[in-house]
Amino acid sequence: MRHVSRGFDKTQGELLVLDDVDLSLQSGEIVGLLGRSGSGKSTLLRIVCGLIQPSSGEVMYQGQRVQGPAPGIAMVFQNFALFPWLTVLENVEVGLEAQRVPAAERRARALSAIDLIGLDGFENAYPREMSGGMRQRVGFARALVVNPTLLLMDEPFSALDVLTAETLRTDLLDLWTQARMPIQSVLIVTHNIEEAVLMCDRILVLSSNPGRVVAEIKVPFARPRNRLDPAFRDLVDDIYATMTARLSSEQGRRALTLGSRLPPVSTNLLAGLAEMLVTAPYQGHADMPEIASALLLEVDDLFPVAETLQYLAFAELREGDIVLTPPGHVFAESGTQERKRLFADHLLRHVPLAARIRQVLNERPGHHAPRVRFEQELEDFLTDGAARETLDTAINWGRYAEIFSYNDKSEMFSLDDVEA
């Protein structure tokens, strides 16, 4: 990928999802893309495989420019993406049928891929009869049957339970190590730092809004890798530090604006994390990997909560640590009503969208305003889906803080039953 950008035209200018991304994949390596929501990881994968075109820059594969779906590149999706009316064998044959491979060869190759991925005996089963792990194995078999040289994986284990994901990861790495697959390179999107260190030779960290490659980390360990090895744990900690340092510096440079995307974090999660941090053994200062392990949270789960606490000035992120501010201590230790009052004060001071909604309601004679009035304003800055999600988040936070009311049926904001 050379200087690849991807954007969408908005009233306030182009909304960039990816910005000036350079990326090279070499034969014999697994490369991970690590970043929070909004970093454009999935968009980048779709550009690599030719499903969407970049706004600028180019993608070259084996000396040819990628301008559409490229032979030799296969993809495994997060949600399995199987046809429920087809059997396992028929699902695996789909790609070969699209390539007009003769029926006899198609069947032989599909059966071989099914056997390789550990589903021998389930050729005639339907997806509804199979567990999530087995359905994802079908997804892998479907990708492998076309003999790709490059395999793209978009969070392929995130929809699975922990044990199933671990088994499937181990089986895939065994096939890779034993060179039993035609694949020469793998590009995997993940939000699990441990998974990235366990699987990858290199890890690329992407910033968010827009996505840029901000760090490249080489993983020096031979396979198989031991999660409990102190060097393994140290590298995981270093990546957390890299990502939180980047997050902290980004927020230090850029406070929330009216058009900022708000993470869909509930007030229960904010209060829960603050309460955990204020107690022993943390006493207001905790290591992010330790917190993630204790709460069984991954990057896409933990970082938005920590990020929101920082936006609200209840916490600071410092090189892999999260530290409660004095108001954060008060928030964590207060009773329900005092906590709501403090949250309302910080919400109006630090989240411009919440302040705008309250301002408009205050200025209107009837103190009412339709949802569409704010959604259209956000759509000048964000994609339509991001605008809806951001407004929903502001509604949830505003209701908790009791700075306005919102009626889901009429889709109207008001100051009814709200203290002046």
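None of these values were measured; they are calculated from a predicted model.
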(request) Could you grab the distance from atom CG of Leu168 to atom CG of Leu173, nearest 0.5 Å is fine? (result) 10.0 Å

(message) Is any side-chain heavy atom of Leu172 closer than 4.5 Å to one of Met199?
(response) yes

(request) Calculate, to the nearest 0.5 Å, the distance between atoms CG and OG belonging to Asp154 and Ser42 respectively. (result) 3.5 Å

(message) So which atom in Ala113 and which in Ala141 form the shortest heavy-atom distance, rounded to 0.1 Å?
(response) CB-O, 3.8 Å

(message) Looking at Arg100, I'd like to know if its CZ atom is crowded, meaning that more than 12 non-hydrogen atoms belonging to other residues, nucleotides or ligands lie closer than 6.0 Å.
(response) no

(message) Ignoring hydrogens, what is the shortest heavy-atom contact between His346 and Leu312? Give both atom names and the distance.
(response) ND1-O, 2.6 Å

(request) Give a yes or no on whether the backbone of Gln26 and the side-chain of Glu29 come within a donor-acceptor separation of less than 3.5 Å. (result) yes

(request) Calculate, to the nearest 0.5 Å, the distance between atoms CG and CZ belonging to Leu82 and Phe77 respectively. (result) 11.0 Å

(message) Test side-chain contact (heavy atoms from CB on, under 4.5 Å) on Leu277 and Ile291; report intermediate values, then the result.
(response) CA-CA 9 Å; Leu277 291 172; Ile291 288 287; 3.9 Å; yes

(message) To the nearest 0.5 Å, what is the distance between CE on Met75 and CG on Leu187?
(response) 9.0 Å

(message) What I'd like to find out is whether the side chain of Asn91 reaches to under 4.5 Å of the side chain of Pro127, using heavy atoms alone.
(response) yes

(request) May I ask you to establish whether Arg169 and Phe157 are in a cation-pi arrangement, using a distance under 6.0 Å from NZ or CZ to the six-membered ring centre and at most 45° from the ring axis? (result) yes

(request) Taking the side chain as every heavy atom from C-beta outward, state whether Gln62 and Thr149 have any pair of such atoms under 4.5 Å apart. (result) yes

(message) Take a 6.0 Å sphere around CD of Glu105 and say whether it holds more than 12 heavy atoms from other residues, nucleotides or ligands.
(response) yes

(message) Please determine whether the number of non-hydrogen atoms from other residues, nucleotides or ligands lying under 6.0 Å from atom CZ of Phe122 exceeds 12.
(response) no

(message) With a 3.5 Å distance limit and no angle check, can you tell me whether Thr190 reaches the backbone of Ala196 through a side-chain donor-acceptor pair?
(response) no

(message) Looking only at the side chains, is there a donor atom on one of Thr257 and Ser260 sitting less than 3.5 Å from an acceptor on the other?
(response) yes

(message) Can you confirm whether Arg223 is buried at CZ, in the sense that more than 12 heavy atoms of other residues, nucleotides or ligands lie under 6.0 Å from that atom?
(response) yes

(message) Under a 3.5 Å distance rule, please check whether Asp115 uses its side chain to pair with a backbone N or O of Asp120 as donor and acceptor.
(response) no

(message) As a test of understanding, state which of Ile403, Asp392, Thr308 forms a side-chain contact (heavy atoms from CB on, under 4.5 Å) with Trp397.
(response) Thr308

(message) With a 4.5 Å cut-off on side-chain heavy atoms, are Lys41 and Glu155 touching?
(response) yes

Only pairs under 3.5 Å count here: list side-chain donor-acceptor contacts from residues 210-221, not counting sequence neighbours, and write none if there are none.
unit_1	atom_1	unit_2	atom_2	d
Arg212	NE	Asp19	OD2	2.8
Arg212	NH2	Asp19	OD2	2.8
Glu216	OE2	Arg202	NH1	3.4

(request) State, with a plain yes or no, whether a side-chain heavy atom of Val76 is found less than 4.5 Å away from one of Gln136. (result) yes

(message) Val48 vs Val66, test: side-chain contact (heavy atoms from CB on, under 4.5 Å). Steps then yes/no.
(response) CA-CA 8 Å; Val48 171; Val66 175; over 6 Å; no

(request) Determine whether Pro148 and Pro182 make a side-chain contact, defined as any pair of heavy atoms from C-beta on separated by less than 4.5 Å. (result) yes

(message) Test your reading of the model: is there a side-chain donor-acceptor pair from Thr170 to the backbone of Glu166, 3.5 Å cut-off?
(response) yes

(request) Please say which of Glu275, Glu333, Glu402 ends up in a salt bridge (charged side-chain N to carboxylate O under 4.0 Å, His left out) with Arg339. (result) Glu275

(request) Please list, chain by chain and in numerical order, all residues satisfying salt bridge (charged side-chain N to carboxylate O under 4.0 Å, His left out) with Arg233, sequence neighbours excluded. (result) Glu194

(message) I want to check something: taking the side chain as every heavy atom from C-beta on, are Asp171 and Arg137 in contact at a cut-off of under 4.5 Å?
(response) yes

(request) Could you verify whether a donor N or O on one side chain and an acceptor N or O on the other, from Ser266 and Tyr400, lie under 3.5 Å apart? (result) no

(request) Answer whether the closest heavy-atom distance between the side chains of Leu89 and Leu111 falls below 4.5 Å. (result) yes

(request) Output the distance between atom CZ (Arg358) and atom CG (Leu348), rounded to the nearest 0.5 Å. (result) 7.0 Å

(request) Please step through side-chain contact (heavy atoms from CB on, under 4.5 Å) for the pair Leu198 and Arg227, ending with a clear verdict. (result) CA-CA 7 Å; Leu198 188 71; Arg227 296 174 187 268; 3.4 Å; yes

(request) With side-chain contact (heavy atoms from CB on, under 4.5 Å) as the test, would you mind laying out the steps for Glu129 and Met134 before giving the verdict? (result) CA-CA 10 Å; Glu129 303 174 81; Met134 294 174 74; over 6 Å; no

(request) Kindly compute the distance separating CZ (Phe413) from CD1 (Ile357), expressed to the nearest 0.5 Å. (result) 4.0 Å

(request) May I ask you to check whether over 12 heavy atoms, not counting those of Arg225, lie within 6.0 Å of atom CZ? (result) yes

(request) Check the angle between the aromatic planes of Phe303 and Tyr240 and answer parallel, tilted or perpendicular using the 30° and 60° thresholds. (result) perpendicular

(message) For a quick test of reading the model, state the closest non-hydrogen atom pair linking Val145 to Val92 and the distance between them.
(response) CG1-O, 3.4 Å

(message) Looking at every non-hydrogen atom in both residues, tell me the closest pair between Ala306 and Leu273 and how far apart they are.
(response) N-CD2, 4.3 Å

(request) Measure across His3 and Asp22 and return the closest heavy-atom pair with its distance rounded to 0.1 Å. (result) N-OD1, 2.7 Å

(request) Could you tell me whether Arg399 and Asp408 have a side-chain N and a carboxylate O separated by less than 4.0 Å? (result) yes

(request) Can you see which heavy atom on Leu262 is nearest to which on Glu389, and at what distance? (result) O-OE1, 4.4 Å

(message) Suppose we screen for salt bridge (charged side-chain N to carboxylate O under 4.0 Å, His left out). Which residues come up paired with Asp234, at least two apart in sequence or across chains?
(response) none

(message) Using modelled atom types and a 3.5 Å cut-off, is there a donor and acceptor pairing between side-chain atoms of Glu123 and backbone atoms of Gly121?
(response) yes

(message) Whether the side chain of Gln53 engages the backbone of Gln67 through a donor-acceptor N/O pair (distance < 3.5 Å, no angle test) should be reported.
(response) yes

